[in-house]
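The structure presented is a predicted model; accordingly, all values stated were derived computationally and were not measured. Side chains included, hydrogens not; waters and symmetry mates left out as well; all remaining heavy atoms used.
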Amino acid sequence: MIAVDFETYYSRTHTVSTLGPWAYAHHPKTDIYMVSVVGEGIEFVGDPSDFDFSRLTGRDLVSHNAAFDSVVARAAISKGTIKQTFVPKSWSCSADLAAYCGQPRSLADAVKAVFGHELPKVMRQVMSGKSWQWAQDKGKAGQLLEYALNDSRWCLKLWEKLAPQWPIHERRLSAHTRTLQWRGVNVEADKLRTGITHLAELNAAAADKIPWAGDGAILSLPVLRDYCQTLGIPAPKSLAKDSDEAIAWEDKYGDRFEWIAALRDYRRTNILLQKLQAIDVRRRADGTMPVNLKYWGAHTGRWSGDAGVNMQNLPRSEMFNVNVRPMFMARSGHKFVIVDLSQIEPRVLYWLTGDAPMLDAIRSGVPLYEAHARATMGWTGGKMKDEAPDLYRLAKARVLGLGYGCGPGKFQHVAQALAGVTLDAAQCEDTVRQWRSGNERICKFWLSLTRKLGCGVNSQADHIEFGLPSGRPVRWWQPRLRIDETGTNPGANAFNGKGWTYLWGGKMTENIVQALARDVFADCVMRIEANGIRVLWTVHDEVICEVPEDQADDALDTVTRIMSTPPDWISDLPLAAEGGIENHYAK
DNA sequence: GCTACGAGCGCC
DNA sequence: AAAGGGCGCTCGTAGC
């Protein structure tokens, strides 16, 4: 294994985060001035043009953030900084490895956590806005070379220490995530430009309606409060769209003051505008945008968005007359095949709790929410979705909202958000009580986890874990008693790999369900690729593939079949999937 | 001038 | 008895 780390020019404004790795690396301003290579008898640091990269052909490489270093290598070849093309056997990512192991992603933090060693960071700040020539002139060249070499040494050490814990199928998923960056997705430039122009106009119009625009920060809560005081009206504590207080405040004063609505429009148009501009600067000469996803972005193992554009939270439908999803269009002669797993999380929860009657009903083709209503809500009619649509939506809200310990107060919002069901406080009380009495298996599952947590707290355990059938454990570290204002609470605080979190049985259940659903989905993704179908990106339970037009029908069949077939290690999980063939991305 | 964090908003 | 969860990004403030 050989560690590779490039050093490149950056400044306050010229960064990976503003441009994304691909556009940053290929940008003319990005001088690729140093590389360090450590391992298998090689120890080099210096100008990339002084290293014979053909030595890396056929070798296993590792970089901390390989998505970045591999794209820099490619850019360096196209810029002529690297003279030799080279084909490594593999190029792994030690940041992905660290994340899988529950360690921090950044090299310095991971090295600190794993080895207790502090990596010096000073050079990184020193070099902001500075060229390699500047470093040489100022006599900092030696220090910089040493710093770069040190990073590669520690990257290699981190790899050697942690890699044995990283299963082969997870390594493949990490590598697959990086291929999305090369593939990219085609962007319809006209639609993008039209959207940017339109949103910029709306945003400016909204700003015009806000009295303090120009004087101070438009979205500042303190400024808003001051302004309300001059008007002699109260200001809400929160302006959040679904906050009861903000809604009441808007109802009362919204008609008198147009800036109240304008404030929200300003924020929302701006967020969307920034997103479109981020897509715009990432576009390549061939009209595509690289897709960057973060492997193991969530502690449950889910992928997350990355590198400035989050492809996992694109608005589902039109906002301000702008529809973002259809701006992504299949390449000429190709189609998108978009398929998602149906109700994967409740299916997984029934599997985990061994609910054989529910699993059998689902397997025999009863719609999941209807099966729940038949089992616990007294439904005895026919096809519920048609015969009793309101009750069906309530069944959906119950299935999606109550499996993880949600109480009546929270359920009111959850039912509205997940199923569009409006319930009053008393109805929520009744629903939660009735659901819990009819879903004992799930409640017992929470309890078993609460007990596990309690044991961990009592023994001051390093970590507690739940083994998934995929072979990997979900872990929570340092479970410790949680003391709150009211005294002690049966809950605990624990570290989940990302941060400290309040934990109890219901939340642990949710973590486990999400993790298992992720492993099932990940298995599907790799089987799709094994069938020669190219995945462009994924959104938790949804896969966006791109295939030649004449193969689209077959590909849809194949992907749907794969995603309706559980992995070998959970062959009794009833899976279902649905999707379609599209020219444009849509939901 | 940098980082950390909260508020707000989009998604599954 | 009570308790949904998981993200990223933008803007603004606070603290070093």
Rounding to a whole Å, what distance do you find between W296(A):CH2 and dG8(C):C1'?
19 Å
Which of these nucleotides, dG12(C), dG4(C), dG6(C), is closest to any side-chain atom of Y404(A)?
dG4(C)
Enumerate all atom pairs, one protein N or O and one N or O from nucleotides 14-16 of chain C, separated by less than 3.5 Å.
none

Between protein and nucleic acid, restricted to nucleotides 3-10 of chain B and to nitrogen or oxygen atoms under 3.5 Å apart, what atom pairs and distances do you find?
from, atom 1, to, atom 2, distance (Å)
dG8(B), OP1, L239(A), N, 2.4
dG8(B), OP2, S238(A), OG, 2.6
dG8(B), O3', R267(A), NE, 3.4
dC9(B), OP1, R264(A), NE, 3.0
dC9(B), OP2, K241(A), N, 2.5
dG10(B), OP1, R268(A), NE, 2.6
dG10(B), OP1, R268(A), NH2, 2.9
dG10(B), OP2, K241(A), NZ, 2.8
dG10(B), N2, N313(A), ND2, 3.2
dG10(B), N3, N313(A), ND2, 2.9

Checking dG12(C), dG4(C), dC12(B) against the side chain of H540(A) (C-beta onward), the nearest is dC12(B)
Check every strand shown and say whether A307(A) touches a base, only sugar-phosphate, or nothing at a heavy-atom separation below 4.0 Å.
sugar-phosphate
Is it true that D541(A) and R518(A) make a salt bridge, defined as a side-chain N closer than 4.0 Å to a carboxylate O?
no
What is the nucleic acid contact for K275(A), judged by heavy atoms within less than 4.0 Å: base, sugar-phosphate only, or nothing?
nothing
With a 6.0 Å cut-off on the ring centroids, do F411(A) and W435(A) count as close?
no
Should the ring pair H463(A) and W477(A) be called parallel, tilted or perpendicular, given that the plane angle runs from 0 to 90° and is split at 30 and 60?
tilted
Is V414(A) touching bases, backbone alone, or none of the nucleic acid, heavy atoms closer than 4.0 Å?
base
Atom-to-atom span, CH2 of W537(A) to C1' of dC12(B) - whole angstrom:
15 Å
